[in-house]
Each structure stands twice: as structure tokens, then as C-alpha cells.
Student: 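Below are the C-alpha cells for one structure; questions will follow.
All figures in this text were calculated on a predicted structure; none of them were measured in a lab.
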Amino acid sequence: MDGDGVMDADSARTENGAEITTYDSLDASLGQARANLYLAVKTWASFVCLDHALTTLGRDGSRAAERAGRAAQTITSAFDQQRGYIPALLEGGSDACIIPAIEALAYPHLLGLADAVNEQGPYGTFVRTLRTHLMTALQPGVCLDATSGGWKLSSTSSNTWLSKIFLCQFVAEDVFGVPGDAACDAAHVRWQQVGSAAHGPTDQVHSSDGRDLGSRLYPRLVTNVLWLPRVVAAAQPSRA
């Protein structure tokens with residue numbers, strides 16, 4: 001990295017290739033690791049958590065905090081005012097809008113670092129920018145599938161993962177206070193119960209109808225443990 005808190009180069013071990021994210025079968029918006037918004041926010045979260053860990057151990061976490069600040073500034077400065085979101089690749093090459101830009105806020109949030117993900121906290125401008133990004137993403141024709149109404153992780157691909165959707169729903173609801181959308185939830189249920197019915201729980205599906213694209217019986221679907229309790233609680237009759 002060049003000190004801006006974002007991955008800027010590929011490992012020499014890739015030779016003439018490039019490093020990828022865990023979304024290895026998606027387009028550049030979530031496939032390319034270098035300058036990827038999704039990983040950039042994860043880098044920010046890693047620095048925030050490292051600062052917390054070092055401070056808790058009685059050590060100096062200021063360097064990690066400084067790097068977190070640099071990463072937040074770099075990401076925020078990439079916000080496209082005209083489009084209303086941060087492009088998926090900060091170096092150019094993809095102007096897709098991606099929902100997983102918010103994913104990594106789950107980590108400091110679950111550690112109880114409320115200030116780090118607070119819109120009035122030390123990274124407030126960064127967090128508010130991500131909120132604007134999310135609200136743009138959750139629009140029909142952007143990251144809501146035109147056919148099913150379900151969540152597409154990237155505006156430029158119909159290849160989507162339910163495990164990541166559950167995680168991002170958790171962040172949207174618990175960090176940003178975005179109300180759950182029953183129509184989206186119903187679409188995701190149809191993907192599993194109809195589109196991928198022949199294979200059981202399936203992570204990677206086509207966003208139009210939920211037909212399986214891979215990752216059948218995939219353990220990463222366990223991320224629904226973060227989001228499902230809220231749905232179950234909402235379905236319980238009031239005892240007041």
C-alpha cells in the first residue's frame with residue numbers, strides 16, 4: 001500500500017495475474033482485490049479492531065488508528081456525488097454499486113465499538129457516506145433485482161450470495177437502522193424454497209429466480225444467525 005489505507009498492488013506471486021476476493025466467480029466489481037471498495041472497508045475495520053485490541057492490552061494503538069483514519073478518508077473521497085455511491089473499484093475500471101461496501105461495519109459493531117460505526121463518531125463522515133451509498137444501492141435497477149426484487153450484491157451482476165446478503169442485512173438494520181423489507185425477504189425465501197429446491201440450502205444463486213449457480217449446502221450460510229433472530233422476534237405475538 002502507498003499509505004492511503006487501501007490495497008494498491010497485487011502480490012508478486014500472481015506474476016501477470018491479479019489477486020481476487022472471495023467472490024471469485026463475479027465480475028471485477030467484487031472479483032478484483034486491488035483497490036476494491038469491499039476490501040477497503042474491511043481494511044478500515046481491521047485497523048479499528050487492531051487499535052482496540054492493542055489498547056485493551058495496554059499497548060499503543062495510535063498507528064492503527066491513524067491508518068484507519070487514512071483508509072476512511074480515501075474511501076470517502078471516492079464518493080461519486082452524481083451517482084450517489086462509491087464505485088466498486090477505487091482506481092477505476094468498474095463503476096458498479098455494491099452492497100458489501102457496508103459488510104465490514106459488522107466487526108467493530110459486534111465488538112461493541114459503537115463510536116466507530118456512529119454517524120456522529122470519529123469516523124462519522126465515512127459512516128454517513130456509507131449510509132448514502134447503501135440507500136442508493138437499495139433502489140430498483142441498482143442492487144434490487146428487476147424481476148425478483150431480491151438483493152443483488154453488485155449492480156452489474158446477477159450472481160449473488162445469500163450468506164453475504166444476510167450479513168449485509170444485519171448491518172443495514174442494526175447499524176444504520178434501515179427497516180427490513182418483507183418483499184425482499186420473500187424473494188430470498190423463494191430463491192431457496194423454489195429456485196434451488198433440488199439442492200437444499202444454496203449460497204450462490206441467480207438473482208432473478210434463485211436458481212443455483214454453485215456453493216450448494218454451503219456452510220457460510222450460517223451468517224443468517226446474525227439476522228434471523230430479529231425476524232423470529234418480530235413474528236412472535238405480543239405478550240403485553
Side-chain angles (χ1 to χ4, degrees), residues 21-26 30 37-39 41-46 48-50 52-53 56 98-118 127 130-131 133-135 137-138 143-145 148-154 159-207 210-239:
T21 72
T22 55
Y23 298 97
D24 55 354
S25 57
L26 211 138
L30 279 165
L37 172 61
Y38 158 66
L39 289 186
V41 181
K42 277 198 165 185
T43 301
W44 167 82
S46 297
V48 169
C49 295
L50 179 59
H52 171 67
T56 300
I98 59 171
I99 290 178
I102 69 168
E103 177 185 317
L105 272 66
Y107 309 126
H109 175 64
L110 289 169
L111 279 176
L113 306 180
D115 283 349
V117 296
N118 190 303
V127 177
L130 287 178
R131 170 188 281 279
H133 174 99
L134 173 64
M135 300 316 294
L138 295 180
C143 290
L144 291 186
D145 187 87
S148 70
W151 282 27
K152 299 198 311 175
L153 296 181
S154 171
N159 197 347
T160 197
W161 278 260
L162 282 146
S163 63
K164 293 294 190 177
I165 288 173
F166 298 149
L167 180 50
C168 290
Q169 282 185 306
F170 168 75
V171 174
E173 296 179 20
D174 266 44
V175 175
F176 291 110
V178 176
D181 188 326
C184 292
D185 294 338
H188 303 156
V189 170
R190 288 195 301 274
W191 291 353
Q192 289 292 294
Q193 294 184 343
V194 180
S196 297
H199 304 285
T202 302
D203 195 3
Q204 183 184 356
V205 303
H206 196 284
S207 62
R211 66 180 181 274
D212 69 290
L213 297 177
S215 302
R216 304 171 187 90
L217 300 174
Y218 208 61
R220 195 164 61 186
L221 284 165
V222 74
T223 56
N224 67 16
V225 74
L226 295 171
W227 170 79
L228 193 57
R230 180 187 294 274
V231 178
V232 173
Q236 297 300 315
S238 173
R239 297 186 180 183

Student: Rounded to the nearest 0.5 Å, how far does CG of L111 lie from OG1 of T56?
Tutor: 9.0 Å
Student: Over all heavy atoms of both residues, which pair between A101 and H133 is shortest? Give the atoms and the distance, please.
Tutor: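 Looking at all heavy atoms of both residues, the closest pair is CB-NE2, 3.6 Å.
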Student: Nearest 0.5 Å, please: how far is CE in M135 from CZ in R131?
Tutor: 7.0 Å
Student: Can you sort out the partners of T223 under side chain to side chain donor-acceptor pair (under 3.5 Å), two or more places apart, ordered by chain and number?
Tutor: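 For T223, no residue satisfies side chain to side chain donor-acceptor pair (under 3.5 Å) once neighbours in sequence are set aside.
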Student: Would you indicate whether the side-chain heavy atoms of F166 and L221 approach each other to under 4.5 Å?
Tutor: yes
Student: The criterion is ring-ring contact (aromatic ring centres under 6.0 Å, His included); which residues satisfy it with Y107, sequence neighbours excluded?
Tutor: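 With neighbours one apart ignored, the set is empty.
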Student: Considering non-hydrogen atoms only, spot the tightest contact between A104 and A45 and give its length.
Tutor: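 Of all heavy-atom pairs spanning A104 and A45, the closest is O-CB, 3.5 Å.
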Student: When you compare the side chain of H109 with that of L113, does any pair of heavy atoms fall below 4.5 Å?
Tutor: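 No, too far: nothing below the 4.5 Å cut-off.
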Student: Could you check whether any side-chain heavy atom of F176 comes within less than 4.5 Å of a side-chain heavy atom of V117, counting everything from C-beta outward?
Tutor: no
Student: With a 4.5 Å cut-off on side-chain heavy atoms, are I98 and L153 touching?
Tutor: no
Student: Could you grab the distance from atom CG of L110 to atom CZ of F170, nearest 0.5 Å is fine?
Tutor: 4.5 Å
Student: My understanding is that only residues two or more places apart in sequence, or in another chain, count here; which of them pass ring-ring contact (aromatic ring centres under 6.0 Å, His included) with H52?
Tutor: none
Student: Hey, does Q204 have a side-chain heavy atom less than 4.5 Å from the side chain of R216?
Tutor: no
Student: Rounded to the nearest 0.5 Å, how far does NZ of K152 lie from CD1 of I165?
Tutor: 11.5 Å
Student: For the residue pair A187 and G149, what are the closest heavy atoms and their distance?
Tutor: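 That would be CB-C, 4.3 Å.
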Student: Determine, step by step, whether D203 and R220 satisfy the salt bridge (charged side-chain N to carboxylate O under 4.0 Å, His left out) criterion, reporting the C-alpha distance in whole Å, the side-chain angles of both residues, the deciding distance to 0.1 Å, and the verdict.
Tutor: CA-CA 8 Å; D203 195 3; R220 195 164 61 186; 3.6 Å; yes
Student: Of all heavy-atom pairs between C168 and E103, which one has the smallest distance, and what is that distance?
Tutor: SG-CB, 4.0 Å
Student: Let me confirm one number: the CG-CG distance from L167 to L162, rounded to the nearest 0.5 Å.
Tutor: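 If we round to the nearest 0.5 Å, L167:CG and L162:CG are 12.5 Å apart.
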Student: Does the side chain to side chain contact (heavy atoms under 4.5 Å, CB included) test come out yes or no for L144 and D181, once each step is laid out?
Tutor: CA-CA 11 Å; L144 291 186; D181 188 326; 5.5 Å; no
Student: Quick one: CG on L134 to CG on L138, what's the gap to the nearest 0.5 Å?
Tutor: 4.5 Å
Student: Do T202 and S215 make a side-chain contact, defined as non-hydrogen atoms from C-beta onward lying under 4.5 Å apart?
Tutor: no
Student: Find out whether Q169 and W151 are in side-chain contact, i.e. whether some heavy atom of one side chain is under 4.5 Å from a heavy atom of the other.
Tutor: yes
Student: I102 vs V175, test: side chain to side chain contact (heavy atoms under 4.5 Å, CB included). Steps then yes/no.
Tutor: CA-CA 10 Å; I102 69 168; V175 175; over 6 Å; no
Student: Are S196 and R211 close enough that some pair of their side-chain heavy atoms sits under 4.5 Å apart?
Tutor: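 Counting from C-beta outward, S196 and R211 never come under 4.5 Å.
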